[in-house]
Amino acid sequence: MPELPEVETVRRGLTELVAGSRIKTVDVLYPKMINLSSSDFAHALQNQTIDGIDRRGKYLFIRIGNGLTIVSHLRMEGKYDVEPEGVPLSKHTHIVFHLADGRQLRYNDTRKFGRMNLVTTGQEMTVAGLKTIGPEPTEETLTLDYMRRIFGKSRKLIKPFLLDQSNIAGLGNIYADEVLWLSKIHPKQPVNTLSVTELKELRQNIIEEIKRAIAGHGTTVHSYSTAYGEAGSFQNNLNVYGREGQPCLRCGTPIEKIKLAQRGTHFCPTCQVIHGDRHG
DNA sequence: TTCGATGTTAACGC
DNA sequence: AGCGTTAACATCGA
């Protein structure tokens, strides 16, 4: 469930907490989580410095002093925690970085869906998912020209289209529902039927919603109450996600929840109506 | 006890 | 090629 704003919040937290710290040793408790053998992974990282942390879409790039980068994807429930030595490991701690100052950087993941790939810095695109990743949802990188190009040539339904990271990086189930509600677009609208006016508004809503969510330190839902090192606040700003049966904040109609491409999808049946082809 | 829900990606089939 | 569907990952709670 961590989407771009949550991953960015983690990036900033990790930067404050561990950038500049030296890794003494590494324990891999769940080897399936990484791309190398446990011993290769641990040996490559021991006695190296964490230079800093970058991000691309929902991927973290943990920069290591010796020209290596850990590409880390949290998937559904991955979390990083920093604890002093001696605090008992959680049942779901899978990787422990012992830092030279006595603290431990721990990767916790209830479902074990997260992955870490240790690669040569600059070779991040060799990791599955980064080969085809789309532009970041920012003013500079998500241009209207690009939107018109990719939306114009696909008949896919817009909700699954927005979740496809090769179209735009970083949107997940929560923010996809939110930007469609903000843009008054039905989740089943085929993308090549949207007008340029609708694309402009959708683009602006995507860029601004992501910005607002980052400013609010991301959304904290369900099991994520203590996640990300700090609890996010953006759940208080959600307009449709998780509001099934509650009145639409624009028109009062009860919000509906349907299943679309296997994903829970929330929308207002009055504000968000499927329309015919307005393309061109 | 079994099964569905959950997000993402790989694999599969048309 | 490009589309849509399904399985796999693992755990938890109904």
Side-chain angles (χ1 to χ4, degrees), chain A residues 1-10 28-35 55-61 71-80 89-95 107-117 119 124-134 136-137 149-180 187-193 210 213 218-228 232 234-235 238 240-245 256-266:
Chain A
M1 300 246 263
E3 305 179 31
L4 192 156
E6 292 75 39
V7 177
E8 176 61 17
T9 302
V10 173
V28 179
L29 307 173
Y30 183 71
K32 286 176 74 175
M33 188 145 281
I34 58 177
N35 65 325
R55 180 192 57 74
R56 178 78 169 89
K58 304 178 193 175
Y59 293 81
L60 291 168
F61 294 165
V71 178
S72 170
H73 196 299
L74 307 173
R75 292 287 191 97
M76 289 176 70
E77 302 203 15
K79 303 170 185 65
Y80 284 97
L89 295 186
S90 132
K91 180 178 161 188
H92 303 296
T93 300
H94 306 306
I95 315 255
Y107 180 72
N108 299 309
D109 191 336
T110 312
R111 294 253 165 80
K112 300 182 177 171
F113 282 4
R115 289 291 174 266
M116 282 186 209
N117 287 72
V119 302
E124 297 82 15
M125 70 291 296
T126 61
V127 173
L130 282 168
K131 289 172 189 166
T132 56
I133 196 164
E136 294 284 306
R149 188 148 38 84
I150 62 164
F151 282 67
K153 70 178 189 195
S154 170
R155 277 173 292 186
K156 281 189 187 168
L157 310 185
I158 189 159
K159 169 76 186 280
F161 190 84
L162 290 179
L163 292 178
D164 185 340
Q165 304 295 298
S166 68
N167 294 137
I168 301 171
L171 295 177
N173 209 31
I174 297 175
Y175 297 116
D177 282 3
E178 292 297 316
V179 299
L180 289 177
K188 285 187 173 177
Q189 187 74 37
V191 297
N192 65 342
T193 62
I210 292 291
T219 299
T220 303
V221 289
H222 308 305
S223 54
Y224 298 94
S225 52
T226 63
Y228 313 130
F234 201 71
Q235 59 276 13
L238 298 181
V240 275
Y241 186 85
R243 296 194 67 249
E244 179 185 14
E256 285 185 13
K257 181 176 182 180
I258 60 172
K259 198 99 185 172
L260 186 47
Q262 336 270 56
R263 316 300 300 283
T265 297
H266 311 73

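A, B, ... follow the sequence lines: proteins, then strands. Residue 1 opens every chain.
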Separation of [X] atom [atom1] from [N] atom [atom2], in whole Å?
X: Asn167(A); N: dT8(B); atom1: CG; atom2: P; answer: 14 Å
X: Lys153(A); N: dG2(C); atom1: NZ; atom2: P; answer: 7 Å
X: Met116(A); N: dC9(C); atom1: CE; atom2: C1'; answer: 16 Å
X: Asn173(A); N: dT6(B); atom1: CG; atom2: C1'; answer: 9 Å
X: Arg75(A); N: dG7(B); atom1: CZ; atom2: C1'; answer: 8 Å
X: Phe113(A); N: dT9(B); atom1: CZ; atom2: P; answer: 13 Å
X: Glu244(A); N: dA5(B); atom1: CD; atom2: P; answer: 13 Å

Position toward the 5' end of DNA chain C (nearest nucleotide), Arg115(A) or Gln262(A): Gln262(A)
So if I take every side-chain heavy atom of [X] and compare against [options], which nucleotide ends up nearest?
X: His73(A); options: dC3(C), dT9(B), dC9(C); result: dT9(B)
X: Gln165(A); options: dT6(B), dT9(B), dC12(C); result: dT9(B)
X: Lys58(A); options: dT8(B), dG7(B), dC12(C); result: dT8(B)
X: Arg111(A); options: dG7(B), dA5(B), dT9(B); result: dA5(B)
X: Tyr59(A); options: dG7(B), dT9(B), dC3(C); result: dT9(B)
X: Lys259(A); options: dC12(C), dT6(B), dG4(C); result: dT6(B)
X: His92(A); options: dG7(B), dT8(B), dT11(C); result: dT11(C)
X: Met76(A); options: dG7(B), dT9(B), dG4(C); result: dG7(B)

Could you tell me whether Asp164(A) and Lys156(A) have a side-chain N and a carboxylate O separated by less than 4.0 Å? yes
Arg56(A) and Glu136(A) ion-paired at < 4.0 Å: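 Salt bridge present between Arg56(A) and Glu136(A).
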Using only atom types and a distance under 3.5 Å, with no angle test, would you say the side chain of Glu3(A) pairs donor to acceptor with the backbone of Ile174(A)?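 Such a contact is found between Glu3(A) side chain and Ile174(A) backbone.
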Does any N or O in the side chain of His94(A) come within less than 3.5 Å of the main-chain N or O of Lys112(A), such that one atom is a donor and the other an acceptor? no
Angle class for the Tyr59(A)/His73(A) ring planes (parallel below 30°, perpendicular above 60°, tilted otherwise)?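 Perpendicular: the ring planes of Tyr59(A) and His73(A) meet at over 60°.
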